[in-house]
Amino acid sequence: MAGIMSDSMTVVTRFAPSPTGMLHIGGVRTALFSWLYARHARGRFILRIEDTDRERHTEEAVGVILDGMQWLGLAADEGPYYQTQRSPRYREVLEQMLASGTAYRCYCTKEELERLRAEQLARKEKPRYDGRCRGRTEPRPGIEPVIRFRNPPDGEVIVDDLVHGRVVFQNAELDDLIIARSDGTPTYNFCVVVDDMDMRITHVIRGDDHLNNTPRQINMLRALGGEPPAYGHVSMILGPDGAKLSKRHGAVSALQYRDEGYLPEALLNYLARLGWSHGDQEIFTVEEMVAAFDIANVNKAAAAFNPEKLLWVNQQHMMRVPLSRLAPILREQLARLGLESRDEQLLEGVAAVQRERSKTLKEMAELSRYFFAEDIALDEKSARKHLTGESVPALAKVRERLSALGEWTAEPIHATLSAIAAELGVGLGKVAQPLRVALTGGTVSPPIDATAALIGRNRAIARLDRAIAWAGK
RNA sequence: GCUCCCUUCGUCUAGAGGCCUAGGACAUAGCCCUCUCAAGGCUGUAACACGGGUUCGAAUCCCGUAGGGAGCGCCA
């Protein structure tokens, strides 16, 4: 009964990225599913860095993964483990397999193997090693051998995949894969098996590009006397055009989304809903996802990444989260625009009125310059339209009454503006729009009373004076 | 080429033989609300890849076909 664990057994999942210099959002999604599965089952989640290919992997590349996981809040209960630090253990298992005969040395040269491959291809066969060194007992002088796994020649391997259901592979389709290179270093498929066994992984949740590796890994695990874990192969993410997601589709790195002003829980929510659903619910807090997640409901088909929906999900989260969560991120985004603000009260106030009019915190910062900048730029077009000679009486009246206003908050400001409109016999728009241009420099802002309140009396009056002067020209 | 996987509105999905006149969400169009922009509300356009079966009845089960993807490395 491969992979069926009793309830009493603790679930252990893992995320095993290869440090390529970026945390890909496809990887984030499998990490998330792994993490959710462990959290839901009150199990453990392990982070393991697959860095066997030493040259390509740098410390910075590992740092990127760690930073990304931290930003996302996908905390590991164990690790990070590094494969490069486990060499002695791999060596040990290799020796053990050689001794037991489940692995053997292969002295074929690369040229020989290439020829074999070419012949098979010419015969329209699947290229695979034919096992010619299986029975060899004597070394070939001058050749450093590789080590191959002795795969069972017949029978089948059944994978009861958590998302795909039963998948059956014939052993005859599998060949004896190389588990150690001629320089003695172990290869990926072998390391994974040893690691998953040693770390007692109960549920391997990974990309479905690994589905074809699974029968080999199961065979190796059995040869080592281990019991295979359960496997769940989740689909990959496609670009909006249905092609494999790549840089040309825009941001594929998780940290880019942080820089673009997305909330990590929103990214997680969006990624989870890509291939998974829970009734008609679209917006989930992380806790809700943990409670509702079930790998069995994950879709088999690959899903296309839709940036517009991510934007919507992000805004929905911005509108629900406490303002104190938004303020620091808004401050950071403002800083990138060269605008300083240490006023937590103001930051939260701005976030409160802007969150329903911005999709990201970056956009919020861009739309909120006039709340933080001392000098604002007057948009020509807006000014010509609304700061006309006709608007001067209204503006003057607003200036006069607002400077005398007792309490500088939205309600009295609103009452004042309404009263002025009524006195002048015009709609509120005739007062609000010129004032909006005066205060913000443009025609778009949150409700004018709230906007004025946040801008503050002194700055508001100064901007009014300037606008009146402009209109009177 | 071989093996394996996948296929419901443009996109993400619901759907476990009758509840389907195929539901929800994003996007899109219209209306409402309204001081601008939003947010919100209402309404609309829009899908079971195709062909055969099985069944009283199929989006759902079976078999093909087509299309897409992955794997077949001394990469991970």
Side-chain angles (χ1 to χ4, degrees), chain A residues 16-20 50-53 56-57 83 106 108 110 113 117 120-129 144-148 159 161 164 167-170 172-175 177-185 187-189 191-192 207-216 233 235-236 238 240 242-244 270 273-283 299-313 315-316 319 353-359 367 382 386 414 417-418 421 427-437 440 442-449 451:
Chain A
S18 164
T20 57
E50 313 244 301
D51 56 353
T52 53
D53 189 15
R56 255 167 57 186
H57 301 146
Q83 288 188 329
C106 167
C108 294
K110 287 188 184 175
L113 295 174
R117 191 187 152 77
Q120 287 167 329
L121 248 17
R123 271 182 266 130
K124 305 198 172 197
E125 285 171 13
K126 182 177 182 171
R128 59 233 232 243
Y129 183 62
E144 282 302 325
V146 299
I147 299 174
R148 288 185 185 270
V159 181
D161 193 272
H164 289 272
V167 184
V168 180
F169 296 88
Q170 297 304 316
E173 291 294 335
L174 273 23
D175 65 355
L177 79 163
I178 292 171
I179 56 178
R181 304 178 184 99
S182 46
D183 66 1
T185 57
T187 61
Y188 169 77
N189 274 109
C191 295
V192 167
D208 68 4
D209 47 338
H210 288 291
L211 185 54
N212 286 295
N213 287 332
T214 306
R216 303 161 170 290
H233 289 94
S235 65
M236 22 192 300
L238 271 22
K244 191 172 172 178
Y270 175 73
R273 274 290 286 103
L274 215 52
W276 174 77
S277 62
H278 181 68
D280 285 340
Q281 189 171 352
E282 295 286 347
I283 303 302
N299 243 225
K300 298 189 250 273
F305 187 85
N306 183 341
E308 262 117 44
K309 184 147 185 185
L310 203 213
L311 247 11
W312 177 79
V313 170
Q315 180 170 33
Q316 292 299 313
M319 292 194 296
V353 297
Q354 290 288 47
R355 60 177 166 180
E356 62 201 36
R357 26 186 72 75
S358 22
K359 305 280 193 192
L367 293 175
S382 308
H386 295 285
H414 188 265
L417 299 179
S418 294
L428 185 55
K430 289 284 182 212
V431 178
Q433 271 314 74
L435 176 57
R436 177 168 280 119
V437 174
T440 71
T443 54
V444 173
S445 88
I448 193 61
D449 48 358
T451 302

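Side chains are part of it too, since the values below use all heavy atoms of this structure and drop only hydrogens, waters and symmetry mates. Because the structure is predicted, anything quoted here is derived from the model rather than measured. Letters A, B, ... are given to chains in the order of the sequence lines, protein chains preceding strands, and every chain is numbered from 1.
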Exercise. Using 4.0 Å as the upper bound for N to carboxylate O, is an ion pair formed by Arg216(A) and Asp175(A)?
Worked result: yes
Beyond-backbone contact of [X] with [Y], side-chain heavy atoms, under 4.5 angstrom:
X         : Y         : answer
Gln354(A) : Pro446(A) : yes
Phe305(A) : Leu310(A) : yes
Asn189(A) : Ile179(A) : no
Gln433(A) : Thr443(A) : yes
Lys309(A) : Glu282(A) : yes
Pro215(A) : Leu174(A) : yes

Problem set entry | Glu144(A) atom CD, neighbour heavy-atom count above 12 within 6.0 Å |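 No - once you tally the heavy atoms of other residues, nucleotides and ligands closer than 6.0 Å, there are 12 at most.
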Seminar exercise, completed: Per nearest nucleotide of RNA chain B, the residue lying toward the 5' end, Thr443(A) or Asp280(A), is Asp280(A)
Problem set entry | First encountered from the 5' end of RNA chain B, between Tyr270(A) and Leu310(A) | Tyr270(A)
Please report the distance separating the [atom1] of [N] from the corresponding atom of [M], rounded so that it comes out in whole Å.
N      : M      : atom1 : value
G24(B) : U43(B) : P     : 9 Å
U8(B)  : G67(B) : C1'   : 16 Å
U54(B) : C63(B) : C1'   : 11 Å
U55(B) : G10(B) : C1'   : 35 Å
C74(B) : G69(B) : C1'   : 27 Å
G23(B) : C61(B) : C1'   : 23 Å
A46(B) : C26(B) : C1'   : 13 Å
G30(B) : A22(B) : P     : 26 Å

Please check if the side chain of [X] supplies one atom and the backbone of [Y] the other of a donor-acceptor pair under 3.5 Å.
X         : Y         : answer
Thr214(A) : Leu211(A) : yes
His164(A) : His233(A) : yes
Gln170(A) : Ala172(A) : no

Once you round it to whole Å, what is the distance between [atom2] of [N] and [atom1] of [X]?
X         : N      : atom1 : atom2 : result
Gln281(A) : A14(B) : CD    : C1'   : 14 Å
Leu311(A) : C12(B) : CG    : P     : 17 Å
Leu274(A) : C12(B) : CG    : P     : 7 Å
Ile283(A) : U13(B) : CD1   : P     : 15 Å
His386(A) : U36(B) : NE2   : P     : 10 Å
Phe169(A) : C5(B)  : CZ    : C1'   : 8 Å
His278(A) : A25(B) : NE2   : P     : 17 Å
Gln315(A) : A25(B) : CD    : C1'   : 15 Å

Exercise. Does a donor on one side chain sit under 3.5 Å from an acceptor on the other, for Gln120(A) and Arg117(A)?
Worked result: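 On atom types as modelled, these side chains do not qualify, holding no pair under 3.5 Å.
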Among [options], the nucleotide that comes nearest once only the side chain of [X] is considered:
X         : options                : result
Ser182(A) : C35(B), C5(B), C74(B)  : C74(B)
Lys309(A) : G1(B), C26(B), C35(B)  : C26(B)
Ala304(A) : C74(B), A76(B), U11(B) : U11(B)
Ala301(A) : U13(B), C37(B), C6(B)  : C6(B)
Asn299(A) : C35(B), U13(B), C4(B)  : U13(B)
Ile448(A) : C12(B), C35(B), A39(B) : C35(B)
Glu308(A) : C6(B), C35(B), A27(B)  : A27(B)
Val444(A) : C12(B), U36(B), G1(B)  : U36(B)

Report the base-pairing partner of [N] (Watson-Crick or G-U wobble, both distances below 3.5 angstrom), or none.
N      : value
A25(B) : U11(B)
A59(B) : none
A16(B) : none
G64(B) : C50(B)
U36(B) : none
C4(B)  : G69(B)

Can you name the atoms? Protein N/O to nucleotides 69-73 of chain B N/O, anything below 3.5 Å, with the distance.
unit_1, atom_1, unit_2, atom_2, d
A70(B), O2', Asp209(A), O, 3.4
A70(B), N3, Asn212(A), ND2, 3.3
G71(B), O4', Asn212(A), ND2, 3.4
C72(B), O2', Pro127(A), O, 2.5
G73(B), OP1, Arg117(A), NH1, 2.5

Every protein N/O within reach of nucleotides 40-45 of chain B N/O, cut-off under 3.5 Å:
unit_1, atom_1, unit_2, atom_2, d
G40(B), OP1, Gln316(A), NE2, 3.1

Exercise. Going by modelled atom types, is there a donor-acceptor pair between the base of C74(B) and the side chain of Thr187(A) at under 3.5 Å?
Worked result: no
Exercise. Do the side chain of Gln120(A) and the base of G1(B) come within less than 3.5 angstrom through a donor-acceptor pair of N or O atoms?
Worked result: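 No.
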Exercise. Does OP1 or OP2 of U36(B) have a side-chain N or O of Ser445(A) closer than 4.0 Å?
Worked result: no
